[in-house]
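Step one of this worksheet: look at the structure below.
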Amino acid sequence: MTGVNLLGGPAGGETCEVVRSVYESAPAPDPTSSRLADLTTLHVGGPARRLVMARTTDELVAEVREADARGEQVLLLGAGSNVVVSDEGFDGVVVVVATRGLTAEVSDCAGAFLTVAAGEPWDRVVDHTISQEWIGLETLSGIPGATGATPVQNVGAYGAEVSQTIARVRTWDRLDARYVTFAASDSGFGYRSSRFKEEPGRYVVIEVSFQLELGPLSALIRYAELAGALGIEVGRRAPLADVRAAVLELRRSKGMVLDPEDHDTWSAGSFFTNPLLAPEHAATLPEGAPRYAQPDGTVKTSAAWLIDHAGFARGYGSGPATVSGKHALALTNRGGATAADIVRLAREVRDGVRERFGVTLVPEPVLVGIEL
Ligand code: EPU
């Protein structure tokens, strides 16, 4: 059969020969400290009782199994970009997931099927897919973190979520002490959620597989702000590298690309999820509040907007923890903040938004030893 591939890949009539390739990013350096403040992007948190690096899947599973057998608490840490650890630290073993490796099977007929080790830095994976002209992860450029963390909270940005391209997630099930692989349809993906997040601690993500299309142009651009930056209409495509560059620029302007010199990036990304409200509740918000109807009948509004309009504009706060100067949804460490300072600010923001709009914001990062 011949045909036209609108995405710019080879037209029909090609062979279905499968080409295998392997990619691996540089090994993670050995940590010089076991303080969580040195291992997380928010730079707060006390010491780990014990810290181990897992550089292979066998090591990862063995460390978790042995700790479970001893009854020792386990904290899995990727890049530490979505976690807030208390100043008391962690009374157990912190297992740093430092596994590496991406293998791809690519054919004109079936596209690219990638399997990525949990510890691979996410943005290096995205960058690699773009260099290979594989479509689907481009709007997820510049997100800090490890690949294994992406299915847990169904990472999303600029109109895409990883659940749209994930084919399967291979895990170690700590409850039943066995490997379990979940198809995407079995992973319970929702907005910033999954079965892996809903049953905290049960599943250790080992590998994530993605199914991507081939071609030089991006998936359809759905986010108005990104389409504007690209100078195209919503619903059109753009060259993959242009999309990556535009997303990186947008993220940078919001303090969402890590930069050790810029305290606006000393954060855990968005500190709260965007609330999903009943339509009656959404109708009570002031005019101008963003409202996005969801397929399940709820209405999503913007946590950043609510925070901003409840009196916590960008830069709010005078202590060592403040609202980011670039985005109301990021709480930041100005240098000397403790976890307690971040928690105090988070409570103030949450309580202020509740008082003003009757909406209780839910934290997005994983909180360790912290109750908000
Ligand atoms: N806004 C304000 N004040 C601000 C910033 C934004 O009022 O200081 C309002 C504006 O009305 C804006 C709206 O908030 O239109 C939405 O802002 P933005 O487009 O920056 O997106 P977001 O909903 O705040 C979400 C994700 C981000 C992701 C961006 C882009 C969540 C919790 N956050 O933020 O993800 O990068 O969309 O797609 O869903 C993360 O999860 O850590 C994260 C950074």
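Indexing begins at 1, ligand by ligand and atom by atom, following the structure's order.
Aromatic pair Trp305/Tyr292: centroids not less than 6.0 angstrom apart.
Here the rule is side-chain contact (heavy atoms from CB on, under 4.5 Å) with Leu76, and of Leu60, Val205, Val152 only Leu60 fits it. Across Val116, Leu114, Thr165, a single residue satisfies side-chain contact (heavy atoms from CB on, under 4.5 Å) together with Thr129, and that is Leu114.
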Which donor-acceptor pairs under 3.5 Å do side chains of residues 26-33 form with protein atoms, sequence neighbours excluded?
unit_1 : atom_1 : unit_2 : atom_2 : d
Asp30  : OD1    : Arg55  : NH2    : 2.8
Ser33  : OG     : Arg35  : N      : 2.9
Ser33  : OG     : Asp38  : OD2    : 2.6

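For residues 156-166, no residue pair satisfies the salt bridge (Lys or Arg N to Asp or Glu O under 4.0 Å) rule, not counting sequence neighbours.
With side-chain heavy atoms closer than 4.5 Å counting as contact, directly or through intermediates, Val299 stands alone and belongs to no larger hydrophobic cluster.
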Please tabulate, line by line, the atom pairs linking an N/O of ligand 1 to a protein N/O at a distance below 3.5 Å, with the distance in Å to 0.1, or answer 'none'.
unit_1   : atom_1 : unit_2 : atom_2 : d
ligand 1 : 3 (N)  : Asp308 : OD2    : 2.6
ligand 1 : 7 (O)  : Asp308 : OD2    : 3.3
ligand 1 : 8 (O)  : Arg314 : NE     : 2.8
ligand 1 : 8 (O)  : Arg314 : NH2    : 3.1
ligand 1 : 8 (O)  : Ala328 : N      : 2.9
ligand 1 : 14 (O) : Ser302 : OG     : 2.8
ligand 1 : 19 (O) : Tyr223 : OH     : 2.6
ligand 1 : 19 (O) : Lys254 : NZ     : 3.4
ligand 1 : 20 (O) : Lys254 : NZ     : 2.8
ligand 1 : 20 (O) : His327 : NE2    : 2.7
ligand 1 : 21 (O) : Tyr223 : OH     : 3.3
ligand 1 : 23 (O) : Asn274 : ND2    : 2.8
ligand 1 : 24 (O) : His327 : NE2    : 3.4
ligand 1 : 33 (N) : Ser270 : OG     : 3.0
ligand 1 : 35 (O) : Arg192 : NH2    : 3.1
ligand 1 : 36 (O) : Arg251 : NH1    : 3.4
ligand 1 : 38 (O) : Tyr158 : N      : 2.6
ligand 1 : 39 (O) : Tyr191 : OH     : 2.8
ligand 1 : 39 (O) : Arg192 : NH2    : 3.2
ligand 1 : 41 (O) : Arg192 : NE     : 3.3
ligand 1 : 41 (O) : Arg192 : NH2    : 3.0
ligand 1 : 41 (O) : Glu364 : OE2    : 2.8
ligand 1 : 42 (O) : Ser270 : N      : 2.9
ligand 1 : 42 (O) : Ser270 : OG     : 3.4

